[in-house]
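As the structure is a prediction and not an experimental result, all values here were calculated from the model. Each residue takes its place number in the sequence, starting with 1.
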Amino acid sequence: MSVRNDLWLYRKGGRHINYENCRIFTSKFSGHHHTVTFSWPIFMSLIRSSIFYAVWIIAIGVIVFIVIWNLLKLTEPAYCTWSTQPSVNSSVSVNNDALVIKGGIDGGLVNAVSSILDQSADSIKRIQITSYGGVTNSADDLVFAVARLGAVPIEVPLTCQSACIDFLAKTRGPKIIAPSALLMFHSGARSSGPKRHDLRCFGSTISDFFANLDSGTRHEMLPWAAALNDKLPGLFSLCPTHPLDTQSGMFLTGQEYNDLREGRIKAESLIVKCPQAHT
């Protein structure tokens, strides 16, 4: 008794094809002997078909992912990429003829600066900034916000670190660094803003994940340093571990920075400021 393989027929291109002929392994019985034959051409054909369909499925999946990602970014609340108010430790005020900026650089700080400038821009002749850094995009927005003041002096009385260096480098006015101030140059972690445990911010979370896959930001931060002091790139290159490739980076006092810029000291004398190899 035999089972007809015609039960496994399917239509393709208007013709009936016997499923038995598409098997990779075929079996034959001859008496007590069982022979198994492997069909290499059919096997390769199936592999090629599988790869073709897999590539299409992956491509469609990537397109769908990108579309959903961008839709999430377009529909998420503003606080996912920046705070709407300055952080608790931030403040913006006017002291005589100075715009005094203190704290983390984010969207809230930029909004506060813009609001004050709308009211008091004509009376402001200089800017004082004290910041441990913040969001790079917001630092660029801060540069744009204060551009209406023209090339006013930018003073650093205490510290300017990370994204604050971006602000210093891109503003037009002369930079006045107090001898006791502290400047910090390092490899920044890219982030669109404060982390929020909110599913509505999932688009920004994805953006931050991909941005930080490339942890090195030397190519972005080196021009900032060079714009401030053309001797800084040479100093960084003397370090066994480049400061802009590390999170700990390099700290320079205002005195060291000013002396290096004016040529009163050589870069070699500041190698002790280089980050350790493990940082």
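The two residues L183 and L168 make their nearest non-hydrogen contact at CD2-CD1, 4.5 Å. Contact between L149 and A121 at its shortest, heavy atoms only, is CD2-O, 3.6 Å. Between R126 and D97, the shortest heavy-atom contact is NE-OD1, 2.9 Å. Closest approach of C164 and I129 over heavy atoms only: SG-CD1, 3.9 Å. Considering all non-hydrogen atoms of both residues, L109 and G104 come closest at CD2-O, 3.5 Å. Across I176 and P153, no two heavy atoms sit closer than the pair CD1-CB, 4.0 Å.
Look at D259 and K231 and you find no salt bridge, because none of the NZ, NE, NH1 or NH2 atoms lies under 4.0 Å from a carboxylate O.
Residue V100 is found outside any hydrophobic cluster, as its side-chain heavy atoms come under 4.5 Å of no other Ile, Leu, Val, Met, Phe, Trp or Tyr. Using a 4.5 Å cut-off between side-chain heavy atoms of Ile, Leu, Val, Met, Phe, Trp and Tyr, F251 falls into a hydrophobic cluster with L182, M184.
The CD1 atom of I265 sits 8.5 Å away from atom CG of L235, with the distance rounded to the nearest 0.5 Å. F167 contributes atom CZ, which lies 8.5 Å from atom NZ of K175 (distance to the nearest 0.5 angstrom).
A donor-acceptor pair under 3.5 Å links the side-chain atoms of S138 to the main chain of G107, judged by distance alone. Remark: side-chain polar atoms of K125 are not paired, donor with acceptor, to backbone N or O of S123 under 3.5 angstrom.
Residues I127 and Y132 do not share a hydrophobic cluster, clusters being chains of Ile/Leu/Val/Met/Phe/Trp/Tyr side chains in contact below 4.5 Å. No single ILVMFWY cluster, assembled from side-chain heavy atoms under 4.5 Å apart, contains both L158 and L142. No path of Ile, Leu, Val, Met, Phe, Trp and Tyr side chains, each step under 4.5 Å between heavy atoms, connects I57 with I60, placing them in separate hydrophobic clusters.
Looking at Q255 and T253, their side chains never bring a donor and an acceptor atom within 3.5 Å of each other. Residues N258 and E262 bring no donor and acceptor atom of their side chains to less than 3.5 Å of each other.
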Q: Decide side chain to side chain contact (heavy atoms under 4.5 Å, CB included) for I124 and V146; before the verdict, give the C-alpha distance in whole Å, the side-chain angles of both, and the deciding distance to 0.1 Å.
A: CA-CA 10 Å; I124 296 173; V146 302; over 6 Å; no
